[in-house]
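Inspection log for the structure reproduced underneath, given as structure tokens.
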Amino acid sequence: MLPSDLIKYKRNSQKIIALTAWDSISGSLAEQSDADLVLIGDSLAMVCLGYKSTLPITLDNMIYHANAVSRGFTKEIEKQPLIVCDMPFLTYHCGEDKAVEYAGKIIQNTHAKAVKIEGSEPEIQSVISRLIRMGIPVMGHIGLTPQNYLNLGFKKQGKDLESQEKIKREAFTLEKLGCFSIVLEHIPELLAKEIQKNLKIPTIGIGAGNFCDGQVRVTADLLGLNDDHPPFCSPIIEGKNLLKDKLKEWVASERLN
Ligand code: KIV
């Protein structure tokens, strides 16, 4: 599947389901659960590497984890999910040339067919359009953008009319620049609905209600593998507790043997 195929999903009203992955086990789980898209999200800095934010993760870290994820895939190539890899903090903030070099490294050294970039400030717009012209598909990401948490916090965005108008403008700009889809994170459901209705490219929501063209979740949050999870992602199982209890049982029983 190519990134542009996601636009056909929207045209056919076919919902897009995306999961994050960070190693071969989570990659295998995401692939075997038939997700359409696997995102190597920089959230792996927090959910897998124990950092307090996504800022410390590097380009080399992302490439290393992206390759671990695809090693977990076992389906024949045409049936594998589309891989999209996040560009980490500071890899697209220092000019177009550097961004092309770093995005190119992701595309050349992993199985990702696209990169995801947070924000839509003018500097970022020029990076996005250059990457697309150079043959590197880009997924946008607006609303709560965790790489900007020092300015915005990890809070819901688009709470007042002015910021809602801004988010709408950003979405239209990203579509015009040629992004093949946009992640809408932690914004009001009705705002996401309006954006979804007015764009030709698919919106993929997380904490943005049910009207997006697709949904993406951080798999570790969904499986309850961490002590904390964001308010908009209720775990479907208490994975950490379940696994911990089973391991405790095993350790205790082995002590008696
Ligand atoms: O890094 C990530 O996992 C993401 C998702 C929250 C969309 O960007």
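Atoms considered below: every heavy atom in the structure, side chains included; atoms not considered: hydrogens, waters and symmetry mates. Note that ligands are numbered from 1 as they come in the structure, with each ligand's atoms numbered from 1 the same way.
Listed by number with element, the atoms of ligand 1 under 4.0 angstrom from any heavy atom of Asp86 are 1 (O), 2 (C), 8 (O). The distance from ligand 1 to the heavy atoms of Val218 drops below 4.0 Å at these ligand atoms: 3 (O), 6 (C). Residue His141 approaches ligand 1 through these ligand atoms, each under 4.0 Å from one of its heavy atoms: 8 (O). Residue contact check: Thr20 has heavy atoms under 4.0 Å from atoms 3 (O) of ligand 1. The Gly41 neighbourhood of ligand 1 comprises atoms 1 (O), 2 (C), 3 (O), with distances under 4.0 Å to a heavy atom of that residue.
Of the protein's non-hydrogen atoms, the one nearest atom 3 (O) of ligand 1 is Ser43 OG, 2.5 Å. In terms of protein heavy atoms, atom 7 (C) of ligand 1 is closest to Leu39 CD2, 3.7 Å. With respect to atom 8 (O) of ligand 1, the closest heavy atom belonging to the protein is Lys116 NZ, 2.7 Å.
The N/O atoms of Asp42, backbone and side chain alike, include one that comes under 3.5 Å of an N/O atom in ligand 1. Remark: ligand 1 and Glu185 share no N or O pair separated by less than 3.5 Å (distance only, no angle test).
The closest side-chain donor-acceptor pair between Thr110 and Asn67, if any, does not fall under 3.5 angstrom. If you check the side chains of His186 and Lys156, you find no donor sitting under 3.5 Å from an acceptor. If you check the side chains of Glu101 and Thr91, you find no donor sitting under 3.5 Å from an acceptor.
Rounding to the nearest 0.5 Å gives a distance of 7.5 Å between CD1 of Ile63 and SG of Cys85.
Contact detail for Thr145 and Gly119: the closest heavy-atom pair is CG2-N, 3.9 Å.
Glu31 places no side-chain N or O within donor-acceptor distance of the main-chain N or O of Pro81, the cut-off being under 3.5 Å.
For the side-chain contact (heavy atoms from CB on, under 4.5 Å) criterion with Val84, the lone passing option out of Val138, Thr20, Leu39 is Leu39.
With respect to Asp97 and Arg130, a salt bridge is recorded, a charged nitrogen being found less than 4.0 Å from a carboxylate O.
Contacts between Leu44 and ligand 1 below 4.0 angstrom, taking non-hydrogen atoms only, are absent altogether.
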